Colleague: 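I'd like to ask you about the structure that follows.
From a predicted model like this one, the values you see are computed outputs, not experimental measurements. Note that ligands are numbered from 1 as they come in the structure, with each ligand's atoms numbered from 1 the same way. Note that these values count all heavy atoms, side chains included, but never hydrogens, waters or copies made by symmetry.
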Amino acid sequence: MTQNNSIEAIRDLLSNAQKIMVTSHIRPDGDAIGSLLGLGLSLLEAGKQVSMVLVDGFPSAFRYLPGSNRILRSAPRNIEFDLTISLDASDPERLGNAFGERGVDLNIDHHITNVNFGKINFVDPSAVATCAILAEHLPEWGLKINNDIATALLSGIITDTIGFRTSNMNSKAMRITADLMDHGANLPQIYTEALVNRSFEQILYWSYALQKMQRQDGIIWTTLSLADRQLAGYNGNDDADLNNLLSSISEADISVLFVEQNNGHVKVSWRAKPGINVSSLAFSFGGGGHPAASGVDLQGALTDVQNTVMEATFAHLKQTKDEQIS
Ligand code: 5GP
Ligand code: MN
């Protein structure tokens with residue numbers, strides 16, 4: 001664990017602060033939203049003034065989470081925060097400039113590629129989710145876990161582990177899950193909301209990408225364009241969870257998804273089967289993530305980004321296989 005501060009230091013930091021801003025990464029996923037609400041609501045319970053910020057807002061699929069209506073798209077300008085906290089983000093660019101010049105005081109994350117950009121960094125790559133870190137440590141940091149907080153945290157664990165099935169799953173995460181259930185989190189309900197229920201627009205959006213799907217040498221890839229998004233009426237700027245479907249294809253050692261963004265950028269996502277590490281590949285492009293799931297945001301046209309990234313991905317898989325043989 002990369003950790004330059006102790007439980008006591010973080011407890012003091014949290015207890016001494018009154019005006020706190022909490023944020024997480026752009027295109028927020030379940031762990032980003034769950035950790036934001038989990039920590040944000042527990043700080044509110046402790047009597048703090050808390051601003052929970054996600055610059056992209058969040059997909060309406062997460063509206064089921066209690067407290068989600070409190071999330072702002074930018075920090076109130078009239079508040080001078082005495083503590084800023086980043087959750088589930090491995091580098092400051094991922095925060096979409098949520099803190100402006102203010103910078104990050106406390107960086108809490110579980111990505112192996114975290115660049116330790118906070119004044120205090122609490123980074124545990126063995127944790128299955130940032131929500132798991134919070135569930136484990138909130139009580140030690142002097143904060144309470146109530147029903148709503150447990151619901152938010154379990155939602156992040158379930159989404160980041162895709163229903164407890166990612167290769168980093170461990171018994172500690174199951175114990176944490178059991179504790180969260182004891183705190184009132186309804187596992188079947190959260191599981192269904194987070195991983196089973198889908199909107200018509202989401203599936204329609206997938207259908208455009210599925211028609212374009214390609215395969216070669218153990219790699220599956222496809223694109224989601226802005227036109228696809230518009231045709232489907234899908235209102236998020238994320239992958240609509242299509243990555244989980246692509247990675248379920250048996251022959252996909254690696255799957256790659258390109259999602260066109262409206263700022264001349266393309267979001268690239270890699271998923272890999274156990275034994276193949278795509279985090280180093282993502283990092284080489286300036287992104288990051290986990291060995292089995294990584295991403296990057298690249299400037300350029302969809303086809304150009306696709307060509308560059310696919311070439312590197314083929315080379316990466318070949319090198320990995322060559323190393324496995326030798
Ligand atoms: P996804 O492909 O679902 O967006 O992300 C997979 C993993 O890679 C997540 O853990 C996410 O935090 C990380 N990731 C995705 N995009 C980026 C990026 O642009 N920069 C960094 N540093 N990490 C990313
Ligand atoms: Mn996460």
Colleague: Among all the protein's non-hydrogen atoms, which is closest to atom 9 (C) of ligand 1, and how far away is it?
Modeller: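 Looking only at protein heavy atoms, the one closest to atom 9 (C) of ligand 1 is His111 NE2, 3.6 Å.
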Colleague: Distance-only criterion, 3.5 Å: show the donor-acceptor pairs between side-chain atoms of residues 16-24 and protein atoms not counting sequence neighbours.
Modeller:
from, atom 1, to, atom 2, distance (Å)
Asn16, ND2, Asp12, O, 3.1
Gln18, NE2, Gly47, O, 3.1
Thr23, OG1, Val53, O, 2.5
Ser24, OG, Leu87, O, 2.7

Colleague: What do you reckon, does Lys267 put a non-hydrogen atom under 4.0 Å from ligand 1?
Modeller: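 Contact check Lys267 vs ligand 1: positive.
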Colleague: Return yes when Asp29 approaches ligand 1 closer than 4.0 angstrom through a heavy atom, no otherwise.
Modeller: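 Asp29 does not count as a contact of ligand 1 under the 4.0 Å cut-off.
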Colleague: Taking the minimum heavy-atom distance to atom 2 (O) of ligand 1, which of Ser269, Pro28, Ala32 ranks first?
Modeller: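 Selected option, by shortest heavy-atom distance: Ser269.
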Colleague: Verify the neighbour count for atom CZ of Phe283: are there more than 12 heavy atoms of other residues, nucleotides or ligands below 6.0 Å?
Modeller: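 At most 12 heavy atoms, drawn from other residues, nucleotides or ligands, come within 6.0 Å of this atom.
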Colleague: Return the residue, atom name and 0.1 Å-rounded distance of the protein heavy atom closest to atom 7 (C) of ligand 1.
Modeller: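 Nearest protein contact, heavy atoms only, for atom 7 (C) of ligand 1 is Ala293 O, 3.3 Å.
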Colleague: Between Trp270 (side chain) and Leu257 (backbone), is there a donor-acceptor pair under 3.5 Å?
Modeller: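 No.
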Colleague: Return each pair, listed once, that meets ring-ring contact (aromatic ring centres under 6.0 Å, His included) where at least one residue sits in residues 304-326; pairs must be two or more places apart or across chains.
Modeller: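 Checked against ring-ring contact (aromatic ring centres under 6.0 Å, His included) - neighbours excluded - the pairs reaching residues 304-326 are Trp221-Phe314.
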Colleague: So is Gly286 polar-close to ligand 1, meaning N/O to N/O under 3.5 Å?
Modeller: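 No, since none of the N or O atoms of Gly286 sits under 3.5 Å from an N or O of ligand 1.
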Colleague: To check your reading of the model: name the closest protein heavy atom to atom 13 (C) of ligand 1, its residue, and the distance in Å.
Modeller: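 Residue, atom and distance for the closest contact: Gly288 O, 3.4 Å.
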Colleague: Find all atoms of ligand 1 within a distance of less than 4.0 Å from any non-hydrogen atom belonging to Gly289, and give their numbers and elements.
Modeller: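 Selected atoms, number and element: 8 (O), 13 (C).
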Colleague: Closer than 3.5 angstrom, by distance alone: can the side chain of Gln261 be matched with the main-chain N or O of Asn237 as a donor-acceptor pair?
Modeller: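 Indeed, once roles are kept as given, a pair shorter than 3.5 Å links the two residues.
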Colleague: Side chain, backbone, both or neither: which applies to His290 and ligand 1 if a contact is any heavy-atom pair less than 4.0 Å apart?
Modeller: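 Only the side chain of His290 comes within reach of ligand 1.
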Colleague: Say whether Thr113 and ligand 1 are in contact under the criterion: heavy-atom distance to a ligand atom below 4.0 Å.
Modeller: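 Thr113: no contact with ligand 1 (<4.0 Å).
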Colleague: Following the transitive rule for hydrophobic clusters with a side-chain heavy-atom cut-off under 4.5 Å over Ile, Leu, Val, Met, Phe, Trp and Tyr, establish whether Phe200 and Leu242 coincide in one cluster.
Modeller: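 Per the 4.5 Å side-chain linkage, Phe200 and Leu242 are not co-clustered.
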Colleague: Tell me: protein heavy atom nearest atom 15 (C) of ligand 1, and distance?
Modeller: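 Nearest neighbour among protein heavy atoms for atom 15 (C) of ligand 1, to 0.1 Å: Gly295 CA, 3.5 Å.
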Colleague: What I want to find out is whether Lys267 reaches Asp239 closely enough, with some N-O distance under 4.0 Å, to be called a salt bridge.
Modeller: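 Here Lys267 does not pair with Asp239 in a salt bridge, since their nearest N and O are not under 4.0 Å apart.
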Colleague: Taking the Mn ion (ligand 2) as the centre, count the protein N/O/S atoms lying under 2.8 Å from it.
Modeller: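 Step by step: take the Mn ion (ligand 2), keep protein N, O, S below 2.8 Å, and you get 4.
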Colleague: Below 3.5 angstrom, do we get any N/O pair linking Asn243 and ligand 1?
Modeller: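 Such a contact does not occur with ligand 1.
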Colleague: Hey, is ligand 1 close enough to Asp88 that some N/O pair sits below 3.5 Å?
Modeller: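 No.
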Colleague: Please list, chain by chain and in numerical order, all residues satisfying salt bridge (Lys or Arg N to Asp or Glu O under 4.0 Å) with Arg27, sequence neighbours excluded.
Modeller: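 For Arg27, the residues satisfying salt bridge (Lys or Arg N to Asp or Glu O under 4.0 Å) (neighbours in sequence not counted) are Asp297.
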Colleague: Report the nearest protein non-hydrogen atom to atom 11 (C) of ligand 1: residue, atom name, distance rounded to 0.1 Å.
Modeller: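 Heavy-atom neighbour on the protein nearest atom 11 (C) of ligand 1: Arg94 NH2, 3.3 Å.
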Colleague: Should Val259 and Leu298 be regarded as members of a common hydrophobic cluster, given that ILVMFWY residues are connected when their side-chain heavy atoms come within less than 4.5 Å of each other, either directly or indirectly?
Modeller: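 They do not share one cluster, since no chain of ILVMFWY contacts under 4.5 Å joins Val259 to Leu298.
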Colleague: Any N or O of Arg271 that comes nearer than 3.5 Å to an N or O of ligand 1?
Modeller: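 In this structure, Arg271 places an N or O atom under 3.5 Å from an N or O of ligand 1.
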Colleague: Between Arg175 and Asp179 (salt bridge meaning N to carboxylate O under 4.0 Å), is one present in this structure?
Modeller: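 Here Arg175 does not pair with Asp179 in a salt bridge, since their nearest N and O are not under 4.0 Å apart.
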Colleague: With the threshold set at 4.0 Å, does a side-chain nitrogen-carboxylate oxygen contact exist between Glu136 and Lys172?
Modeller: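 Yes, charged N to carboxylate O under 4.0 Å.
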Colleague: Can a cation-pi geometry be assigned to Arg63 and Phe58, taking NZ or CZ under 6.0 Å from the six-membered ring centre and within 45° of the ring axis?
Modeller: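 Ring-cation test returns yes.
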Colleague: Could you go through the side-chain hydrogen bond (donor to acceptor under 3.5 Å, both in side chains) check for Tyr64 and Ser155 one step at a time?
Modeller: CA-CA 10 Å; Tyr64 70 90; Ser155 168; 2.9 Å; yes
Colleague: Do you know which of Val115, Asp109, Asn114, Asn116 makes side chain to side chain contact (heavy atoms under 4.5 Å, CB included) with Asp91?
Modeller: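 Only one option passes, and that is Val115.
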Colleague: Show which atoms of ligand 1 fall inside a sub-4.0 Å distance from at least one heavy-atom site of Val296.
Modeller: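 Counting atoms of ligand 1 from 1, those under 4.0 Å from Val296 are 16 (N), 17 (C), 18 (C), 19 (O).
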Colleague: What about Trp270: any of its N or O atoms under 3.5 Å from an N or O on ligand 1?
Modeller: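 By distance alone, the answer is no.
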Colleague: Can you list the ligand 1 atoms lying under 4.0 Å from a non-hydrogen atom of Ser294?
Modeller: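 Counting from 1, the qualifying ligand atoms are 2 (O), 6 (C), 7 (C), 8 (O).
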Colleague: Between His25 and ligand 1, is there a nitrogen or oxygen pair with a distance under 3.5 Å?
Modeller: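 Looking only at distances, the answer is no, because the N/O contact criterion of under 3.5 Å is not met.
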Colleague: For Leu95, is the CG atom crowded, meaning more than 12 foreign heavy atoms sit under 6.0 Å from it?
Modeller: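 Yes, CG of Leu95 has more than 12 neighbouring heavy atoms, counting only those of other groups under 6.0 Å.
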Colleague: Give the atom numbers and elements of ligand 1 that come within less than 4.0 Å of a heavy atom of Asp297.
Modeller: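 By the 4.0 Å cutoff, the relevant atoms are 19 (O).
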Colleague: Hey, which atoms in ligand 1 end up nearer than 4.0 Å to a heavy atom of Ser90?
Modeller: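 That gives atoms 21 (C), 22 (N), 23 (N) of ligand 1.
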Colleague: Ion pair present between Asp253 and Lys321, side-chain N to carboxylate O less than 4.0 angstrom?
Modeller: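 The answer is yes: the pair qualifies as a salt bridge.
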